[in-house]
Amino acid sequence: MSNVALEVKNLESWYGESHILHGVNFSVRDGEVVTLLGRNGAGRSTILKTILGLTSKRKGSIEVFGKETIALPTYQIARLGIGYCPEERGIFASLDTEENLLLPPKVSSGGMDVEEIYEMFPNLYERRNSPGTRLSGGEQQMLAMARILRTGAKLLLLDEITEGLAPVIVQKLGEVVTKLRNKGFTIVLVEQNFRFAAGLADRHYVVEGGQIVEVVQHSELEAKAELLNGYLGV
Amino acid sequence: MQEIILETIGLGKSFKGFSAVTDVNLKVTRGTIHALIGPNGAGKTTCFNLLTKFLEPTSGQILFNGFDITKEAPAEIARRGIIRSFQISAVFPHLTVLENVRVALQRGLGTEFFFWKSGSSLNVLNDRALELLHEVGLEEFAHKETLNLAYGRKRALEIATTLAMEPELMLLDEPTQGMGHEDVDHVTRLIDRVAKGRTILMVEHNMKVIASIANKITVLQRGSVLAEGSYQEVSSNPLVVEAYMGSHGGDAL
Amino acid sequence: MEIFGLSSSALLSQLLLGLVNGSFYAILSLGLAVIFGLLNVINFSHGAMFMLGAIVTWMAGQYFGINYWVMLLLSPLIVGLVGIVIERLLLRHLYQLDHLYGLLLTFGLTLFIEGVLRSIYGASGLAYNTPEALGGATDLGFMVLPNYRAWVVFASLTVCFATWYIIEKTSIGAYLRAGTENPKLVQAFGVNFPLMTTLTYGFGVALAAFSGVLAAPIIQISPLMGSNLIIIVFAVVVIGGMGSIMGSILTGLGLGLIEGLTKVFYPQASSTVVFAIMVIVLLFRPAGLFGREK
Amino acid sequence: MKLPKLLILLVLLGFAIAAPFFAYPIFLMKILSFALFAAAFNLLLGYTGLLSFGHAAFFGGAGYCAGYLMRDMGVGPAAGIAIGVLFAAALGALIGGLAIRRQGIYFSMITLALAQMFYFICLQAPASGGEDGFQGIPRGDLFGLIDLQNDLNLYYFVLAITVAGFVFIQRIITSPFGQVLKAIKENEPRAISLGYKVNRFKFLVFVLSAALAGLAGSTQALVLGFETLTDVHWTMSGLVILMTLVGGVGTMAGPFVGALVIVLLEHRVGEIGNFLAEITSIAWFNSLGESVTIVTGLIFIFCVMAFRRGLVGIFTKK
Amino acid sequence: ADQPPLKIGFITDMSGLYSDIDGQGGLEAMKMAVADFGGTVNGRKIEIISADHQNKADVAASKTREWIDQNGVSVVFGGTNSGTALATAKVAAEKKRIYINNGAGTSALTNEQCSPYTIHYTYDTIALANGSAKGLVDKGYKNWYFLTADYAFGYALEKDASNVVLANGGKVLGDSKHPLNASDFSSYLLQAQNSKAQVLGLANAGGDTINSVKAANEFGITKTMKLAGLLVFITDVHAIGIKNAQGLLATTAWYWDQNDQTRKFAGRFMEKMKRMPSMVQAGDYSSTMTYLNAVKAAGTDDSDKVMAQLRKTKINDMFTKNGYIRKDGTMVHDMYLYEVKTPAEVKSPWDYYKLVSTLSGEKAFTIPPDSKCALLNK
Ligand SMILES: Nc1ncnc2c1ncn2[C@@H]1O[C@H](COP(=O)(O)OP(=O)(O)OP(=O)(O)O)[C@@H](O)[C@H]1O
Ligand SMILES: Nc1ncnc2c1ncn2[C@@H]1O[C@H](COP(=O)(O)OP(=O)(O)OP(=O)(O)O)[C@@H](O)[C@H]1O
Ligand SMILES: [Mg+2]
Ligand SMILES: [Mg+2]
């Protein structure tokens, strides 16, 4: 499989008046895992949001599974098969845990079923009738990740999924991502936690000032460690 | 002076039948950095909420310097010198950075209800506020609107504000969450620095931080204490490894 | 048997009348609760929409000879469309802002709509007759109940529970509730939320129009008929718990009953009793009777 | 930076002093009282984030109280107003004491409900004169010295009260107390965790706001010579919200501009219509006077859609 | 010479609850009067300026004050709503300007709060109560129950009417007070029905009256009780619809179908406003005419001189025969009790009333010994 799942060209993006992305280019083939690395405020989350059309204005080209989406409304982009896990988690207070989990509509077949998900995150099973925002910080993080696994989306945009999770869970998430990848999912990962990302990704993009300033292939990690260190302060 | 600054006896909290915290007996020693860790949903934040009375305990007692403070209101507890930070950043976004700190200092003046007094009477606090900002490295932003600060700086500001209260006991809930590596190191050093002369109780998932500054660690699991001890002791406890740290150990992170 | 100096049959009939009013409150506050709960808009123009429902019914009868039964469907549709236009053109741009702005806008709309209709139809009212099939009254033993009032209770309760079912028990309802909190994220899941909000507003407003049609034969139809009701209906929604669908239905009915009793024992206070109850309820239950605390 | 601001204020004050020679004094006084009322309300909404939907009770309640004292007890205007203010403060303590225990929309609704109950009392109390209104409040003279029958004298008295009210509000906002209020508005849990007993602050500011609304209400009663149920009705509470929003929340000038616009609308739409008809020779404008509600409605819609931050917001950037 | 125009101010509810009774129609009636008068008086052009008081006393009073101070109006006409009328009258009296009211109910205007410059023209609560109660009790309807709006105005109507009922040997079996603008009356009506009274006196107005009559029909009250509206306008009957309104008794100062003069005026009014004039609008016409005649006769618009002239002239026009303005400001004239026709009796649109009885002005309005007005008894 070498179809392109996501192709971003000359992407620019704005929040109101502030111009955040200044021409971002990258592409992800089917079944690849890539990460976006960078300092706080570099614009990584903004890249994910812009792909889904969640910023106030955008320019350039974004092809999702071969379809140009720059002019589409958010919900139609999502229906092309994108699953999004936002950094602020976005758990709904007025829905209970299970309703939160069942909320995102299926966009295609082949999603995990609920049993499988509960098995993966036993905490959620235990708290399934509790209002979504009454979960602990980490549980909410799990829920945000879990709910998109159900939808059958093949392109996952994951923003800081390890944030605030216990080391065991982080480890488990690493296994999940590997598993997903083996199943043929395409994943764009925004990570602060470099060690977590390093082992998983085919390729790393370093974002700075709203542009991609460096690409590091998995095989080049050792060689470019110094360079990465300079960008990220690892 | 008491050796033990904070003690909980049989502390418990349940939400509609779900027991989030059960029979927690915690002893925090004066002058230490005490870390509270545990898997997600173990009840750490709930514990903090109980200690600061943002939640009402269903059972148990809280002693601060030997006094029973179980029945006191949140503001009273704050006045006793227990100050917390929040898991989600808590600043006053439309005040300037300086004003943020000053609001905390202001309580010391005892003029908080003086609606007839000129605002310039607060200027006497500016020096102390700048000093605190200097301590967390935010001096140059003193007159900026807080809203526009980067995330890591907001966390630093929060610590400065908390320090302004001259707390005997600081409760920090995941102070480094969401920070880049640089910021994490920065804040870790900051905590270590301000810990001199006070006591800190903190929740943290970043093992690197814990390992480098915590004197004592309590591990919670499912609402009760699983293990307690130094980092060495805890991290070699197989129960803790299984429930929390995972096979890589905290080290991997 | 006497209770508080009132024969039990008199008491029973007063309670029944209370129920009739209660079902008006229920359906009106339901529409308001749907709009508030799902769009976060305090729809001040709900009373005006209620009035539009009645006036459109009258107009259809007057100018085109369309009867009550047809209008029972058509009037909510027409007013719902008006609502959709309002939502698309105006309300839509206010969602990210404080509640207050939606309130101010709908308040302005109310003044405008009422003012325009008043300058056309005057303030004293328009006559509308009870449909033939529902004329007459039934002797219940303790009182004679006009058939039309019985129909009102039946029709509004049916609509109320159907609405409740859709919102609380189907996934449409879950999308809407989630969308209230974070519309962008819901869209990022592939839900056409803007369309849903538009339809929801149209639906909420149509509910008001529906009760307007129900009211047409028994309440004076005039451009100002909704403005007296709106504040009471607000109170009902708050007592029930803002946004709680079942809460507003049950509270609407309950308050109708209580108001009915007040009319017997201290009639002057019958429009104030709602507020007294609101204070008491809120002091003991911070989020209303059925509301979820944040 | 500081100088021009002071200059603007002085120029404004100059205008205010000269105004009665150009415009009708009673009309101006009404604007002043409403401006003060809106500013009092804004102290709560704009600077503390509390939306009261019951401020009519303080405005009208103080009016009735002051009116009663001045007409039936022979109390002078200054003392009448002062007692009116105390009355409003006491009422504010009662209503505020209950309402501040609740948050957000529920706070608003409790204030609304209690104010409606107060309305009911005003309606039922024989002394209020029911819907005929409490008529014939004498203007009297100030400390036996200044004859307030004279419109000009009364105007300067009212101007002095209003300016004092505005200065006082400004002082509250910038005071140490005001600083804590701002903090509470921004982030209440954080303020609590810093050891502030938030409810006490809310209570005090509520009472202050009620007292100031009472000052505006008693002054208005003195100016108009009567007090009616309109002033205690919920629509008045709504009106003050509108004034504040139309003018601009959380600014000092906003309430003033809002009051000006609303009072102008109430009194002048007809004339504006005639004027428009004259210059455009479209006869339809002549009927504007009978369509105050339509015009008001349109203006609100326009304000909400076009200038979110109120009319004042047009001139302040950001 | 170039004389300044004579300005007449007219302030009433143009947009609210009472705007159909007076409002635009009232203004039109006054304009008709001015035109019929010839458009000028004593060589001065006559101008009417008008405003909407929105039922707010403060608006009414400050507008009036301004008109007098700044625009130099010679006379102020005021319309519906008692609160605004009392406030306006106060201002006018203070400024010594004539105030003529058509449409406010309160008898305080010519009683406790009377002034030498106030004229209350069309009706007041006393005349209305007398008109209904006297006429009905005389016909043998002795047992009454009142449905009363919980407002000074409602109380006044009820009190005045029940005094008449009692004085004429009738009985009052009870009353229900309802809040203003209540939408549902069934509960009160049931209570009324249980009282077994013969007459249900409606001491309310406008929408409240309309809704009570509608509900009374629905609940079959009209089968057992006679409904007497103490303040019913022809527009109300129109809004209720003849089917529901039939049999309702109403007191009025004027009805369009009384005689040729009234029909002629009504016809002209109908052409302009597309509806029949209410008694208030007829009063607006008549009082404007009366005032202008007095100005002409006095040769000046000086308030005192015109008042003196007004007091000594009998009024004979389409509105009333031999009406006169008493010292307390009451325009004393006959009142009529009408009954609403059955649908079968109605011959043309707006043909609603048949006459039951006439009450002479002296009997209808406050009798001087009962008055608290100092002007009347000195
Ligand atoms: N809603 C917004 N409105 C205006 N500016 C924003 C908004 N969200 C983010 N920004 C700005 O855009 C820039 C990029 O933000 P982004 O969230 O993409 O950074 P990031 O790389 O994800 O960093 P972080 O580690 O903080 O999540 C930052 O300067 C930020 O201040
Ligand atoms: N208000 C509440 N109502 C119901 N359940 C709650 C409430 N607050 C917390 N819980 C539950 O109590 C448990 C403990 O939550 P707490 O927030 O203390 O966890 P935590 O240890 O801080 O976890 P994390 O590391 O993920 O932040 C969780 O399972 C959570 O779902
Ligand atoms: Mg980010
Ligand atoms: Mg936590």
Side-chain angles (χ1 to χ4, degrees), chain C residues 36 42 44-45 48 86 89-91 93-94 96-119 223-224 227 231-232 234-235 237-239 241-243 268-269 271-283 285-288 291 293-294, chain D residues 45-46 49 51 53-54 95 97-99 101-121 123-124 233-235 237-239 241-246 249 265 287-288 290-310:
Chain C
F36 179 80
I42 302 177
F44 201 92
S45 55
I86 292 174
L89 288 183
L90 304 169
L91 261 182
H93 307 283
L94 304 176
Q96 318 84 320
L97 306 168
D98 195 280
H99 293 327
L100 267 179
Y101 291 93
L103 184 74
L104 189 62
L105 175 80
T106 48
F107 184 77
L109 276 172
T110 307
L111 290 181
F112 178 73
I113 296 173
E114 287 183 352
V116 168
L117 286 172
R118 194 207 50 76
S119 71
L224 308 176
S227 52
I231 198 90
I232 302 235
F234 266 131
V237 175
V238 171
I239 295 172
M242 301 289 291
Q268 292 93 316
S271 61
T272 309
V273 67
V274 174
F275 297 105
I277 292 176
M278 180 152 94
V279 172
I280 296 168
V281 166
L282 289 188
L283 288 180
R285 295 202 49 112
E293 258 182 86
K294 289 238 173 75
Chain D
L45 177 66
L51 171 63
F53 214 105
I95 293 181
L98 288 171
R101 300 178 193 193
R102 293 293 168 255
Q103 315 266 322
I105 191 91
Y106 296 104
F107 168 87
S108 311
M109 284 297 157
I110 292 194
T111 51
L112 168 68
L114 290 168
Q116 276 304 98
M117 289 160 79
F118 182 73
Y119 170 80
F120 184 65
I121 294 172
L123 177 64
Q124 296 289 325
H233 197 244
W234 67 265
T235 43
S237 302
L239 197 67
I241 299 179
L242 292 177
M243 284 190 247
T244 315
L245 284 180
V246 167
V249 187
L265 270 180
S287 61
L288 222 53
E290 286 74 49
S291 328
V292 177
T293 50
I294 302 181
V295 176
T296 316
L298 283 176
I299 290 190
F300 290 153
I301 296 173
F302 188 64
C303 274
V304 175
M305 300 314 296
F307 339 103
R308 297 286 149 68
R309 269 171 294 113

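Just so we're on the same page: letters track the sequence lines, and every chain starts at 1. Keep in mind that the numbers below use all heavy atoms, side chains included, and drop hydrogens, waters and symmetry copies.
Considering all non-hydrogen atoms of both residues, Met278(C) and Ala113(D) come closest at CE-CB, 3.5 Å.
The CD1 atom of Ile231(C) lies 4.5 Å from the CH2 atom of Trp234(D); values are rounded to the nearest 0.5 Å. Atom CG of Leu283(C) sits about 4.5 Å away from atom CD1 of Ile110(D), to the nearest 0.5 Å. Note that OG of Ser108(D) is 7.5 Å distant from CD1 of Ile42(C), once rounded to the nearest 0.5 Å. Rounding to the nearest 0.5 Å places CZ of Phe53(D) at 7.5 Å from CZ of Phe234(C). Of the inter-residue distances, the one linking Ile239(C) atom CD1 with Met109(D) atom CE reads 10.5 Å to the nearest 0.5 angstrom. Residue Leu94(C) holds its CG atom at 5.0 Å from CE of Met305(D), rounded to the nearest 0.5 Å.
Looking at Leu89(C), only its backbone comes within 4.5 Å of chain D, counting heavy atoms on both sides. In this structure, the portion of Ile105(D) lying under 4.5 Å from any heavy atom of chain C is its side chain and not its backbone. If you measure heavy-atom distances from Leu45(D) to chain C, the contacts under 4.5 Å come from the side chain alone. For chain C, the nearby part of Ile241(D) is the side chain; its heavy atoms alone come within less than 4.5 Å. Interface remark: Phe107(D) contributes no atoms to any contact with chain C (heavy atom separation under 4.5 Å). For chain C, no part of Gln103(D) is nearby; none of its heavy atoms comes within less than 4.5 Å.
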Evaluation steps, side-chain contact (heavy atoms from CB on, under 4.5 Å), between Val304(D) and Leu90(C): CA-CA 9 Å; Val304(D) 175; Leu90(C) 304 169; over 6 Å; no
Begin with the C-alpha distance, continue with both residues' side-chain angles, and end with the deciding distance and a verdict on side-chain contact (heavy atoms from CB on, under 4.5 Å) for Leu112(D) and Val238(C). CA-CA 11 Å; Leu112(D) 168 68; Val238(C) 171; over 6 Å; no
Stepwise, does the side-chain contact (heavy atoms from CB on, under 4.5 Å) test hold for Leu105(C) with Ile301(D)? CA-CA 5 Å; Leu105(C) 175 80; Ile301(D) 296 173; 3.7 Å; yes
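The 12-atom threshold is exceeded at CZ of Phe118(D), counting heavy atoms of other residues, nucleotides or ligands nearer than 6.0 Å.
Among Gly108(C), Ala276(C), Ser271(C), the residue with the largest count of heavy-atom pairs under 4.5 Å with chain D is Gly108(C). Taking Ser119(C), Ala269(C), Gly288(C) one by one and counting their heavy-atom pairs under 4.5 Å with chain D, the maximum is reached by Ala269(C). Taking Leu103(C), Leu109(C), Ile113(C) one by one and counting their heavy-atom pairs under 4.5 Å with chain D, the maximum is reached by Leu109(C).
Looking at Met117(D) and Val279(C), their side chains come closer than 4.5 Å, going by heavy atoms from C-beta outward.
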